[in-house]
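First the structure, in the form of C-alpha cells, and then the observations on it.
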Amino acid sequence: MGRRRAPELYRAPFPLYALQVDPSAGLLIAAGGGGAAKTGIKNGVHFLQLEQINGRLSASLLHSHDTETRATMNLALAGNILAAGQDAHCQLLRFQTLQQKGKNKAEKAGSKEQRPRQRKGAAPAEKKSGAETHQEGVELSVENLQAVQTDFSPDPLQKVVCFNHDSTLLATGGTDGYVRVWKVPSLEKVLEFKAHEGEIEDLAVGPEGKVRRFGQVPDQPAGLRLFTVQIPHKRLRQPPPCYLTAWDGSTFLPLRTRSCGHEVISCLSVSESGTFLGLGTVTGSVAIYIAFSLQRLYYVKEAHGIVVTDVAFLPEKGRGPELLGSHETALFSVAVDSRCQLHLLPSRRSVPVWLLLLLCVGLIVMTILLLQSAFPGFL
C-alpha cells in the first residue's frame with residue numbers, strides 16, 4: 001500500500017510561508033516569496049477563490065499582489081484588512097472584491113491566455129504589474145495602507161502578528177523578544193514589553209486582551225482553552241517526543257497532555273469552534289487532533305516533504321459550510337515547497353441518542369427474560 005497523500009490545491013511560483021482564510025468571500029490567501037535576493041523568485045500575496053466543483057473543493061487564482069522585494073512571512077486577517085509581516089516591518093493591506101461590469105475586446109482576447117483555474121503543477125502567468133485578475137466576472141483590488149517597523153534586533157525580523165478580538169489593535173513579535181501592540185489602522189504604538197530573551201515564535205490575543213494561543217470550548221460560549229506544544233530543547237539521535245497540552249483558559253491549569261510524536265512541530269492552528277487542532281511539522285507532516293481529548297484523527301506523513309510553514313482551518317461561518325460539503329472539517333497547509341494542500345476530515349459516524357436508549361431498554365428486557373428462564377421464581 002502506498003503512502004497516504006493529500007490533494008494539492010494550488011502551487012505558487014514562490015515559497016509559501018503564511019496562510020489565511022476569508023470565510024465571507026470564500027477566499028484563501030497565501031503569501032511568501034524569495035526575499036530581497038536577486039534570484040528571480042518573486043514575492044507576493046495570492047488571493048485564491050474557493051469553490052465546490054463536482055463535489056470537490058478547488059481553488060483558482062483570483063488576484064496576485066506583488067510585494068516587490070519583500071517576502072511575506074506571516075499574516076493576520078481582520079475583515080478585509082491584512083497585516084503582513086515583511087522583513088522587520090508590518091504592512092497593512094486592504095482588499096475588496098467587485099463584480100466586473102464589462103470587458104473590452106483586448107481583455108476578452110487575452111482571457112484565453114489567463115486560464116481561470118490553476119492546474120496542478122502549473123505556475124500562474126504574471127505580467128509586469130504583478131497584480132491581475134484570473135477569474136471571469138470577479139475582480140479584486142488591493143491597497144497598501146500604513147507600514148511600521150516592528151522588530152529592532154541586529155538581524156530584525158517580524159515572526160508573528162495577530163489582531164485582537166475587535167480588530168482595533170494588533171500585536172507583533174519577532175527576533176528581539178519584544179511584544180509590541182499597535183492601533184489599527186494608524187499603527188501607532190500603544191504598548192511594548194520584553195516577553196522573551198529569545199525569538200517570539202507565536203502569539204494570540206484572548207478576548208480579555210491577554211496574549212495567548214486560545215481556542216473556544218465547544219458548547220460553552222464563555223469557555224476558553226489554551227493550547228501549547230512542548231518541543232525538546234535538544235535533538236538526539238533518538239529524539240524524545242513532543243507534547244500537546246490543553247490548559248484551562250481562566251485558571252491556566254493544565255487539563256491534559258498527550259504525546260504528538262517525535263517530529264518537531266512547526267505550526268499550530270485552532271479551528272473557529274475550538275473543536276479541532278491542526279499541526280504541521282518540520283519534516284512536512286500534517287495532523288488534525290480533536291481538542292477535547294487531544295486524540296489524533298488525521299495524519300499524513302511528509303505531506304510536503306519539507307517544513308510546513310502554516311496551517312489554517314476553513315472557518316465554520318460565512319461560506320464555510322457550503323464549501324465544506326459532507327466533510328467535518330478542512331485544513332489547509334503551505335510549505336517552502338510552494339504548494340498549498342487540502343486535508344479533509346470525513347464526518348465521523350455517530351449513533352443517535354434515541355437508538356442508544358432503545359438498545360439499553362432492549363438489553364434490560366433481555367436480561368430480565370434470561371433471569372426469569374433461569375430462575376422461574378425470579379419475578
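Count residues from 1 along the sequence. These numbers were taken from a predicted model, which means no experiment stands behind them.
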What residues form a salt bridge (charged side-chain N to carboxylate O under 4.0 Å, His left out) with [X], not counting sequence neighbours?
X: Glu316; value: none
X: Lys317; value: Glu272
X: Glu197; value: none
X: Arg56; value: none

Discussion item. Once you measure the plane-to-plane angle for Phe95 and Phe47, does it fall in the parallel (<30°), tilted (30-60°) or perpendicular (>60°) bin?
Written reply: tilted

State the [atom1]-[atom2] distance between [X] and [Y], to the nearest 0.5 angstrom.
X: Arg256; Y: Gln295; atom1: CZ; atom2: CD; answer: 12.0 Å
X: Leu48; Y: Ser64; atom1: CG; atom2: OG; answer: 10.0 Å
X: Ile29; Y: Leu75; atom1: CD1; atom2: CG; answer: 7.5 Å
X: Leu277; Y: Phe227; atom1: CG; atom2: CZ; answer: 5.0 Å
X: Leu323; Y: Leu50; atom1: CG; atom2: CG; answer: 5.5 Å
X: Leu279; Y: Ser333; atom1: CG; atom2: OG; answer: 12.0 Å

Discussion item. Quick test of your reading: applying salt bridge (Lys or Arg N to Asp or Glu O under 4.0 Å), list the pairs with at least one residue in residues 142-171, sequence neighbours left out, ordered by first then second residue.
Written reply: Arg94-Glu143, Lys159-Glu199, Lys159-Glu201

Worksheet item: Pairs in or reaching into residues 288-300: which pass salt bridge (Lys or Arg N to Asp or Glu O under 4.0 Å), with residues at least two apart or in two chains?
Response: none

Discussion item. Set out, in order, the CA-CA distance, both residues' side-chain angles and the distance that settles side-chain contact (heavy atoms from CB on, under 4.5 Å) for Arg180 and Phe152, then state yes or no.
Written reply: CA-CA 11 Å; Arg180 295 179 173 90; Phe152 298 89; 3.6 Å; yes

Over all heavy atoms of both residues, which pair between [X] and [Y] is shortest? Give the atoms and the distance, please.
X: Leu314; Y: Gly320; result: CD2-O, 3.6 Å
X: Ser60; Y: Glu51; result: OG-OE1, 3.8 Å
X: Val21; Y: Pro315; result: CG1-CD, 3.4 Å
X: Phe252; Y: Trp247; result: O-CE3, 3.5 Å
X: Glu263; Y: Ser285; result: OE2-OG, 2.5 Å
X: Thr283; Y: Glu302; result: O-CG, 3.4 Å

Practice prompt. Go through the steps for Leu244 and Thr257 under the test side-chain contact (heavy atoms from CB on, under 4.5 Å), then give the verdict.
Written response: CA-CA 6 Å; Leu244 184 62; Thr257 297; over 6 Å; no

For residues [X] and [Y], is any side-chain donor paired with an opposing acceptor at under 3.5 Å?
X: Gln86; Y: Thr72; result: yes
X: Gln96; Y: Asn80; result: no
X: Gln230; Y: Thr228; result: yes

Worksheet item: Run the side-chain contact (heavy atoms from CB on, under 4.5 Å) check on Gln341 and Leu9 step by step: do they pass?
Response: CA-CA 5 Å; Gln341 290 187 346; Leu9 194 65; over 6 Å; no

Connecting only ILVMFWY residues whose side-chain heavy atoms lie within less than 4.5 Å of each other, what is the rest of [X]'s hydrophobic cluster?
X: Leu363; answer: none
X: Leu145; answer: Ile81, Leu92, Val148, Val161, Phe163, Leu170, Trp182, Val184, Leu187
X: Leu255; answer: none

Over 12 non-hydrogen atoms of neighbours within 6.0 angstrom of [atom1] in [X]:
X: Lys194; atom1: NZ; answer: yes
X: Tyr299; atom1: OH; answer: yes
X: Gln52; atom1: CD; answer: yes

Worksheet entry | For His304, ring-ring contact (aromatic ring centres under 6.0 Å, His included) partners two or more places apart | none

Worksheet entry | ring-ring contact (aromatic ring centres under 6.0 Å, His included) involving Tyr289 - partner list, sequence neighbours excluded | none

Practice prompt. Would you sort out whether Arg70 and Asp87 count as a side-chain contact (heavy atoms from CB on, under 4.5 Å), showing the intermediate values?
Written response: CA-CA 7 Å; Arg70 305 178 306 277; Asp87 300 328; 3.9 Å; yes

Fill in: Residue of the set Val334, Val307, Val336 for which side chain to side chain contact (heavy atoms under 4.5 Å, CB included) holds with Tyr17
Val336

Worksheet item: Applying ring-ring contact (aromatic ring centres under 6.0 Å, His included), which residue pairs with at least one partner in residues 318-345 are found, sequence neighbours left out?
Response: Tyr298-His343

